[in-house]
Amino acid sequence: MAINYKEELNEEQLAAVLYNEGPSLVIAGAGSGKTRVLTYKIARLLEEGYQPWSILALTFTNKAANEMKSRISRFVGEQARQVWMGTFHSVFSRILRMEAERIGFSHNFTIYDAADSKSLLKSIIKEMGLDEKNYKPSTVQCHISNAKNRLMLPSAYANSPEIRKTDDAAKMPEVHAIYRRYWERCRKADAMDFDDLLLYTYLLFNEHPEVCEKYGNQFRYVLVDEYQDTNFAQHSIVWQLTNRHQRVCVVGDDAQSIYSFRGANIDNILKFTEQYEGAKLFKLQQNYRSTRTIVNAANSLIAKNSEQIRKEVFSEKEKGDAIRVYAAYSDVEEGEIVANKIADLHRMKQIPYGRQAILYRTNAQSRIFEEALRKRSIPCRIYGGISFYQRKEIKDIVSYFRLSVNPNDEEAFKRVINYPARGIGNTTIGKISEAAGRDGVSLWEVLLSPLDHGLNVNKGTLSKLQGFRELISGFIEKAETMNAYDLGVEIIRQSGIMNDVKSDNSPEGMSRQENIDEFVSGIHEFCATRQEEGNEHTTLSDFLSEVSLLSEMESLKGGEEDDDKVTLMTVHSAKGLEFQVVYVVGLEENLFPSSMAQDSFRQMEEERRLFYVAVTRAEEHCFLSFARSRFRYGKTEFSNPSRFLKDIDARFLNMPDAGIAVNSGNPPMGSNHGYAGKPFVSWRNEDDGYNRAESTPPWERRGATGRNSTFRDEEYADGGYRSNYNDYRRSTPYQRTQNEQRTRPVIPAGMKRVSTTPTSRTPSAGAPVQASLRVGQVIEHERFGIGEVTKVEGSGENCKATITFRNVGSKQLLLKFARFKVIG
DNA sequence: CCGATACGCATTTTT
DNA sequence: TGCGTATCGG
């Protein structure tokens, strides 16, 4: 497919795409087509003759990687599959698995998630006899994580006077010792935590120059998305790979750096042109997303920050409405106001629920909005909460899997040795741990030869341990050859998990059962996909190495985007998204900006960037709101409107009329006579321009008197929307996932579902018509959707077709296994 | 080894 | 307040 770059890109985008004379930094303002530049640039490189596998494109999320992959495959077809594209963690874990032996790990090393590493730290703190009041696992974890992000090994940590001083001051002088032990324990367990994936990559490249050279040569061009979110380790690895050839392009927006609490270092992007001398700077400043008002408002806000790369983001879209600010008495009223507005826009302006989003600073705020929406029968989807793989029942199963692939995995071992209950209690586990620690071996090795390691337990216990050992040994043996799905099912049965869960008929038990079913389907689907792509065999190890870096079941989720629900999420998780209407709520001091940021300049600037991200998510309408009182930590707290409301130029705001506050600041505690319970907020008439707002926010004007509520006539004009009550599905906490309350996937007509229930797969189920597939035909695949056949190879059993799908890009499918129907 | 009760704590979280 | 963890009793 020929790409008309000139036609499809603006001047700056084009320049950034075409530039290939050295390193480049693309500063991409919000909504300025950053992903567009990256994808066109990769397409261009391929056109110029770069081999797909010589291009490395790094992102932070799987979602971003998948998105880019599918966009690129629309240009270049199946070549896109060979481009090295993925998250830092997934790309480098792939490399680490290939090179594991060089750094003392095995190919099958485990990846510890945050919970695993926290649990390990907890055990270590306990073993060391440290005061658990002073040494909170999460704090220690944070220190260690920071150290790793800065490429600091235990020895360097222990030898750094500054760090030791800080730790001493924090009453945690022994963190260096914990770190060292933690490091060793991970190695014994053949496990890496998330930070290790980066740190060990760095070490691998650093200690094995030939390996570094190998990959440096292979990746002739490296691109990085969201560079403002990189930490020092990531920055350093990119440098290791590119410092020789300097063919690197990083894209990001310093104004959207909101992850410093995770180690992101804004200096990486601010100082990029210093590190890469002569790097060319491109600025994408035209915003294609939002109205001029929204863009200008956001500009005026971010201008209040001091550290940033200068840029002027502009929009050529319509002017749009002023940003309205809603003042509410209470959190509950804030919820009602927003819910009413949503209903209003839905009814009066036909704005779908699915294009409206409520963004808040903290997850705790979601509940009020959820309830307000439910009262109005407005469907919503709440993001946040624990992800699928963090659920206990899933983690338990995954732990068995992990153990079957890597029996030295200490956390998995401890998790399942007595689940389901088999009479091996804490005392016994303690003895095993002790023996393992004493002899410097893994728990599993103690189990293999308990006598050699002086394990002192009674006969009964010993035989129980033998039982567990044999159970796992059986799995280990099978893991090498058996298919992941078959073995997975076997493990769930034989371990006793199946029985345990089946015996629980409580609602929670049923939910667990469903999750397990879904997980099993997921494994099945994973194997089926791999098979269709031509991989004969999928082992548990294959499954684990992909799945341990997924937070959701992204890989197998059918598009559920189509259902019309209001989105509720934190501002952090909204980064990268856009909505026609955005409500940024809870704009109060000590909430947004967070109370944690109050005494730090840098953190306050980050909060402001966070607010900037929130506002720039809006395409057409942006609403801001705050509540004067809020129920928090068991009592009602009063608060002041956020300083950020004053940071936006008043020209772009539509403030509530006078009379919000009796006085500026907090109403008298406990005696809110005069306005308690009354809806007092009055709004201006419909948005019609900027210039009415006054420079002093009304709540700061002294002596203003309240006009009584006129807001009902506008906000509660809710006519018909109570009728569809039944459409709304109540969400209960345990149904909440990172992605929503899930609904059963819809099975497209004419195709059999492969894996709703694992047992539903019969030999004949959905057998595809395979005889007559020709280039140019359009098919609908069960998972990948609609696509066009671009290539057919082989015949009969081995017939393999290349299909370019509209949404997921190009895939090679073995017709023997693929499930689809021909539609044109 | 599980359940009940008490205590203490409380952002954001791509991987 | 409300959850997750810690500890004790059966």
Side-chain angles (χ1 to χ4, degrees), chain A residues 58-67 86-93 111-119 122 126 132-133 136-139 141-142 145 148-149 192-199 225-226 228-231 233-234 256-264 331 359-365 367-368 383-387 389-390 392 418-429 547-552 554 569-577 586 590-598 603 606-607 609-611 613-614 630-637 733-734 738:
Chain A
L58 297 165
T59 63
F60 276 84
T61 63
N62 292 302
K63 205 174 144 198
N66 292 335
E67 161 94 19
T87 64
F88 277 90
H89 292 83
S90 71
V91 165
F92 295 130
S93 73
I111 297 172
Y112 276 173
D113 67 16
D116 294 320
S117 52
K118 197 164 153 187
S119 140
K122 209 170 172 181
K126 217 172 223 163
E132 288 169 65
K133 287 267 165 356
K136 292 197 200 88
S138 52
T139 316
Q141 187 179 31
C142 195
S145 175
K148 288 182 175 179
N149 288 162
M192 295 194 195
D193 64 23
F194 287 141
D195 302 316
D196 286 333
L197 294 175
L198 303 174
L199 176 51
D225 191 15
E226 307 277 22
Q228 77 281 353
D229 289 336
T230 50
N231 60 35
Q234 289 162 323
Q256 294 185 64
S257 162
I258 55 172
Y259 280 105
S260 76
F261 68 93
R262 288 183 59 100
D331 45 1
L359 308 182
Y360 34 74
R361 178 66 239 264
T362 66
N363 280 311
Q365 289 164 262
R367 239 182 78 175
I368 299 241
Y383 290 74
I386 57 158
S387 80
Y389 292 104
Q390 310 247 355
K392 184 193 175 298
N418 197 35
Y419 175 78
R422 45 176 77 86
I424 304 172
N426 283 329
T427 323
T428 309
I429 298 170
V547 115
S548 44
L549 291 169
L550 293 181
S551 55
E552 257 308 309
E554 292 147 330
M569 55 168 62
T570 62
V571 182
H572 279 95
S573 21
K575 200 179 79 166
L577 306 178
N590 295 319
L591 181 59
F592 199 177
S594 158
S595 56
M596 311 294 210
Q598 295 292 339
Q603 279 191 66
E606 177 146 319
E607 294 282 313
R609 291 194 293 269
L610 189 58
F611 185 40
V613 167
R630 181 174 294 281
F631 200 65
R632 268 221 282 189
Y633 307 143
K635 53 177 188 278
T636 303
E637 288 180 350
Y734 61 84
Q738 209 162 48

Just the rounded figure in Å: distance from [atom2] of [N] to [atom1] of [X].
X        : N      : atom1 : atom2 : answer
A:Lys63  : B:dT15 : NZ    : C1'   : 15 Å
A:Phe611 : B:dT12 : CZ    : C1'   : 16 Å
A:Lys122 : C:dG4  : NZ    : P     : 13 Å
A:Ile424 : B:dC2  : CD1   : P     : 12 Å
A:His572 : B:dT11 : NE2   : P     : 13 Å
A:Lys392 : C:dG4  : NZ    : C1'   : 15 Å
A:Gln603 : B:dT11 : CD    : C1'   : 10 Å
A:Asn426 : B:dC2  : CG    : P     : 10 Å

Compare the minimum distances between each of [options] and the side chain of [X], then state the nucleotide with the smallest one.
X        : options                : value
A:Arg361 : B:dT12, B:dT15, B:dT14 : B:dT12
A:Tyr633 : B:dA10, B:dT13, B:dT15 : B:dA10
A:Thr570 : B:dT15, C:dT1, B:dT13  : B:dT13

| said: Is the ring pair A:Phe261/A:His572 parallel, tilted or perpendicular, if the boundaries are 30 and 60 degrees? | reply: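 If you compare the ring of A:Phe261 with that of A:His572, the planes turn out perpendicular.
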| Can you check side chain to side chain donor-acceptor pair (under 3.5 Å) on A:Gln141 and A:Ser117, steps first, answer last? | CA-CA 8 Å; A:Gln141 187 179 31; A:Ser117 52; 2.9 Å; yes
Measuring to OP1 and OP2 of [N], would you say a side-chain N or O of [X] lies under 4.0 angstrom away?
X        : N      : value
A:Asn418 : B:dC1  : yes
A:Ser573 : B:dT13 : yes
A:Asn62  : B:dT15 : yes
A:Asn231 : B:dT15 : no
A:Ser595 : B:dT11 : no

| task | Determine if the base of B:dT11 is syn or anti; take syn to mean the glycosidic torsion is within 90° of 0. | result |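 It is syn.
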Can you find a pair of side-chain heavy atoms, one from [X] and one from [Y], that are under 4.5 Å apart?
X        : Y        : result
A:Lys63  : A:Asn66  : no
A:Asp193 : A:Lys148 : yes
A:Thr428 : A:Asn418 : no

Please classify the nucleic acid contact of [X] as base, sugar-phosphate, or nothing, using heavy-atom distances under 4.0 Å.
X        : result
A:Phe88  : nothing
A:Gly423 : sugar-phosphate
A:Glu607 : base
A:Ser594 : base

| ring centroid sep under 5.5 Å plus plane angle under 30, A:Phe261 with B:dT13 |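 One would not call A:Phe261 stacked on the B:dT13 base.
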| field | 5' priority, DNA chain B, between A:Ala264 and A:Gly425 [closest heavy atom] | value |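 The 5'-side residue here is A:Gly425.
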| task | With P as the reference atom in both, quote the distance from C:dT5 to B:dT12 in angstrom, rounded to an integer. | result |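 So the two P atoms sit 16 Å from each other.
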| said: Taking the P atom in each of B:dT13 and C:dG4, what is the distance between them to the nearest angstrom? | reply: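 Here B:dT13 and C:dG4 have their P atoms 16 Å from each other.
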| task | Answer yes or no on whether A:Lys392 is positioned over the face of A:Tyr419, meaning its NZ or CZ is under 6.0 Å from the six-membered ring centre and within 45° of the axis. | result |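 That pair qualifies as a cation-pi contact.
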| task | Record whether the side chain of A:Arg632 comes under 3.5 Å of the base of C:dT1 through a donor-acceptor pair of N or O atoms. | result |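 Such a pair does not exist between side chain and base.
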